[in-house]
Amino acid sequence: MTSKGSEDEHPSVTLFRRYLRIRTVQPKPDYGTNPSLSSILLNSHTDVVPVFEEHWSHDPFEAFKDSEGYIYGRGTQDMKCVSMQYLEAVRRLKVEGHSFPRTIHMTFVPDEEIGGHHGMELFVERPEFRALRAGFALDEGLANPTDAFTVFYSERSVWWVRVTSTGRPGHGSRFIEDTAAEKLHKVVSSILAFREKERQRLQSNPHLKEGAVTSVNLTKLEGGVAYNVVPASMSAAFDFRVAPDVDLKAFEEQLHAWCQAAGEGVTLEFAQKWMKPRVTPIDDSNPWWSAFSRVFKDMNLTLEAEIFPATTDSRYLRAVGIPALGFSPMNCTPVLLHDHDERLHEAVFLRGIDIYTQLLPALASVPALPSDS
Ligand SMILES: CSCC[C@H](NC=O)C(=O)O
Ligand SMILES: [Zn+2]
Ligand SMILES: [Zn+2]
């Protein structure tokens, strides 16, 4: 038999022949990996967000595939596709007998959808994580409805803020002075005016993408006991996503100033307050970026670099000094993460494996860097 190995060959013989193909010839033996170099980390989270089954065309956990090839399911985009593409690309490269100077690690982590506080946030502090010696990481991105692919080099800081307003209570028929509602209304107006300013700034500049401006939404209003009782306290909750170029200290002072301007007894508290925005450089000063972007050039694929509008586990990786890019290989695909009828075309999924099969050798072959020693 002269072929590369066949189905009737004993698997041990196939392995032996694969080993023989690795050129471990002195004086430059290709031993495969160089463990003195930092590794590549392929991260994905395994949890998914809840579903409203009544709004789905198909059972969201059946992985239904329609006659055109669209696969429906929670996690098809966010981000079970990526976990499986990593595995399939690595499997393909191993079957083909490749080895690279840098080790490739894959992590499958929990709890990302609820902030990663019991997942990646803890993991990056563990000795087991440090032992991976990750020099660069890939994590999730978003689909792109056009022919282009999007890559994310930073993300906005999540700030969840509750403003509580206290004031004078009384009978609902009276003109009571200094009510909680009036003061809360002032703060809500200030914050929503800021929201409108940022919205306009985004809308009027075609060069700005969503992640480059700060967003805020009023997401909860709480308080009150009865129609005819003026309450002593009311609160409003806001979901801020602060752009990475914002001075966070000054922004926090602005929030306090809006509360103070509304009157006495208006305070704020944070339910989430990310204070470590980081940006992975996307120019040739960053050899990881050079390797990553070169693959897209070579494959003749368009790449658009953006700031991730929400949060991912990449923030924890970047905060401990690991350059990370958020990338989910889905072009020509509407952004359906967290949505009803989340779906992905099987051809896009398969193409993604091809892309990782090109990307991983390039990243795992980045020559030794000063940061490796
Ligand atoms: C701070 S916990 C929130 C995490 C969530 N991540 C993905 O959707 C998000 O809302 O961005
Ligand atoms: Zn996700
Ligand atoms: Zn998600």
Side-chain angles (χ1 to χ4, degrees), residues 43-53 55-58 60-61 63-66 68-86 112-116 138-158 195 198-199 202-203 205-217 219 239-244 282 296 301-315 324-353 355-356:
N43 183 58
S44 60
H45 63 81
T46 57
D47 57 325
V48 296
V49 289
V51 292
F52 300 91
E53 212 159 333
H55 295 288
W56 282 67
S57 313
H58 306 282
F61 296 101
F64 176 83
K65 186 169 82 174
D66 71 13
E68 288 175 58
Y70 287 97
I71 302 163
Y72 288 71
R74 180 56 88 222
T76 48
Q77 292 196 11
D78 181 15
M79 63 174 297
K80 289 183 173 174
C81 52
V82 172
S83 311
M84 197 52 63
Q85 286 162 327
Y86 289 157
E112 188 280 337
E113 295 293 4
I114 50 172
L138 285 181
D139 195 4
E140 69 188 304
L142 295 175
N144 188 321
T146 76
D147 193 41
F149 293 85
T150 320
V151 61
F152 297 91
Y153 60 94
S154 184
E155 54 187 56
R156 301 195 287 193
S157 298
V158 57
R195 179 186 192 274
E198 288 295 280
R199 202 181 67 84
L202 174 64
Q203 214 173 33
N205 185 348
H207 298 295
L208 284 184
K209 300 285 183 201
E210 197 183 357
V213 303
T214 297
S215 71
V216 55
N217 279 293
T219 47
D239 181 351
F240 283 90
R241 304 299 172 124
V242 188
I282 48 164
F296 286 82
L301 303 173
T302 310
L303 197 56
E304 293 171 351
E306 288 187 25
I307 296 159
F308 199 84
T311 73
T312 71
D313 280 335
S314 300
R315 62 185 164 141
L325 293 174
F327 174 64
S328 300
M330 297 182 282
N331 67 340
C332 305
T333 303
V335 179
L336 290 173
L337 80 168
H338 298 203
D339 205 343
H340 312 315
D341 276 348
E342 182 180 352
R343 62 190 178 275
L344 183 62
H345 197 280
E346 62 179 341
V348 176
F349 170 75
L350 290 171
R351 182 81 174 115
I353 300 172
I355 294 172
Y356 283 120

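Sequence positions, counted from 1, serve as the residue numbers for this chain.
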Mind checking what makes side-chain contact (heavy atoms from CB on, under 4.5 Å) contact with Glu113, not counting sequence neighbours? His45, Asp47, Val49, Asp78, His338
Could you give me the CA-CA distance, side-chain angles and deciding distance for Tyr72 and Asp66, then say whether side chain to side chain contact (heavy atoms under 4.5 Å, CB included) is met? CA-CA 8 Å; Tyr72 288 71; Asp66 71 13; 3.8 Å; yes
Asp313: side-chain hydrogen bond (donor to acceptor under 3.5 Å, both in side chains) partners, not counting sequence neighbours: none
Take Arg315 and Phe308 through the test side chain to side chain contact (heavy atoms under 4.5 Å, CB included) and record every step on the way to the result. CA-CA 10 Å; Arg315 62 185 164 141; Phe308 199 84; over 6 Å; no
State which residues pass ring-ring contact (aromatic ring centres under 6.0 Å, His included) with His345; sequence neighbours excluded, sorted by chain then number. Tyr70
Residue list, side-chain hydrogen bond (donor to acceptor under 3.5 Å, both in side chains) with Asn331, at least two apart or on another chain: none
Given 3.5 Å as the limit, does a donor-acceptor pair link the side chain of Asn217 with the main chain of Thr219, or not? no
Qualifying residues under side-chain contact (heavy atoms from CB on, under 4.5 Å), relative to Lys65, sequence neighbours excluded: Ile71, Glu346
Sequence-distant partners of Arg351, side-chain contact (heavy atoms from CB on, under 4.5 Å), two or more places apart: Met299, Leu301, Asp354, Ile355
Value for CD (Gln77) from CG (Leu337), rounded to nearest 0.5 Å, stands at 6.5 Å
Side chains of Val82 and Phe327: closer than 4.5 Å at any heavy-atom pair? no
Would you mind writing out the side-chain donor-acceptor pairs for residues 149-156 within the sub-3.5 Å range, not counting sequence neighbours?
residue : atom : partner : partner atom : Å
Thr150  : OG1  : Asn144  : ND2          : 2.9
Ser154  : OG   : Arg278  : O            : 2.8
Glu155  : OE1  : Thr312  : N            : 3.3
Glu155  : OE1  : Thr312  : OG1          : 2.7
Glu155  : OE2  : Thr312  : N            : 2.9
Arg156  : NE   : Pro309  : O            : 2.9
Arg156  : NH1  : Glu210  : O            : 3.0
Arg156  : NH1  : Val213  : O            : 2.6
Arg156  : NH2  : Ser215  : OG           : 3.3
Arg156  : NH2  : Pro309  : O            : 3.3

Nearest 0.5 Å, what's the CG-CG distance between Leu138 and Asn43? 9.5 Å
Working note: Phe240 + Val158, criterion side chain to side chain contact (heavy atoms under 4.5 Å, CB included); need CA distance, chi angles, decisive distance, verdict. CA-CA 6 Å; Phe240 283 90; Val158 57; over 6 Å; no
Residues two or more places apart in sequence or in another chain: which of them pass ring-ring contact (aromatic ring centres under 6.0 Å, His included) with Phe61? none
For Ser83, enumerate each residue passing the side-chain hydrogen bond (donor to acceptor under 3.5 Å, both in side chains) test, keeping only those at least two apart in sequence or located in another chain. Ser44
Closest non-hydrogen atom pair between Ala143 and Val335, with its separation: O-CG2, 3.3 Å
Provide the full list of salt bridge (charged side-chain N to carboxylate O under 4.0 Å, His left out) pairs with a residue in residues 329-344, sequence neighbours left out, each pair given once. Arg74-Glu342
Rounding to 0.5 Å, atoms CG (Asp139) and CE (Met79) come to a distance of 5.0 Å
Hits for side-chain hydrogen bond (donor to acceptor under 3.5 Å, both in side chains) against Gln85, two or more places apart or cross-chain, chain-then-number order -> none
Who passes ring-ring contact (aromatic ring centres under 6.0 Å, His included) against His55, sequence neighbours left out? His340
Side chain proximity check, Glu140 to Glu112, heavy atoms < 4.5 angstrom: yes
Whether His58 and Phe64 hold their rings parallel, tilted or perpendicular, with breakpoints at 30° and 60°: parallel
Backbone N or O of Met330 within a donor-acceptor pair of the Ser328 side chain at under 3.5 Å? no
Can you check side chain to side chain contact (heavy atoms under 4.5 Å, CB included) on Leu142 and Glu306, steps first, answer last? CA-CA 10 Å; Leu142 295 175; Glu306 288 187 25; over 6 Å; no
Enter the distance from Glu304:CD to Thr302:OG1 here, rounded to the nearest 0.5 Å. 7.5 Å
Is there side-chain contact between Pro244 and Ile307, with heavy atoms separated by less than 4.5 Å? yes
Taking Thr76 for its side chain and Gly73 for its backbone only, find out whether a donor-acceptor pair lies under 3.5 Å. yes
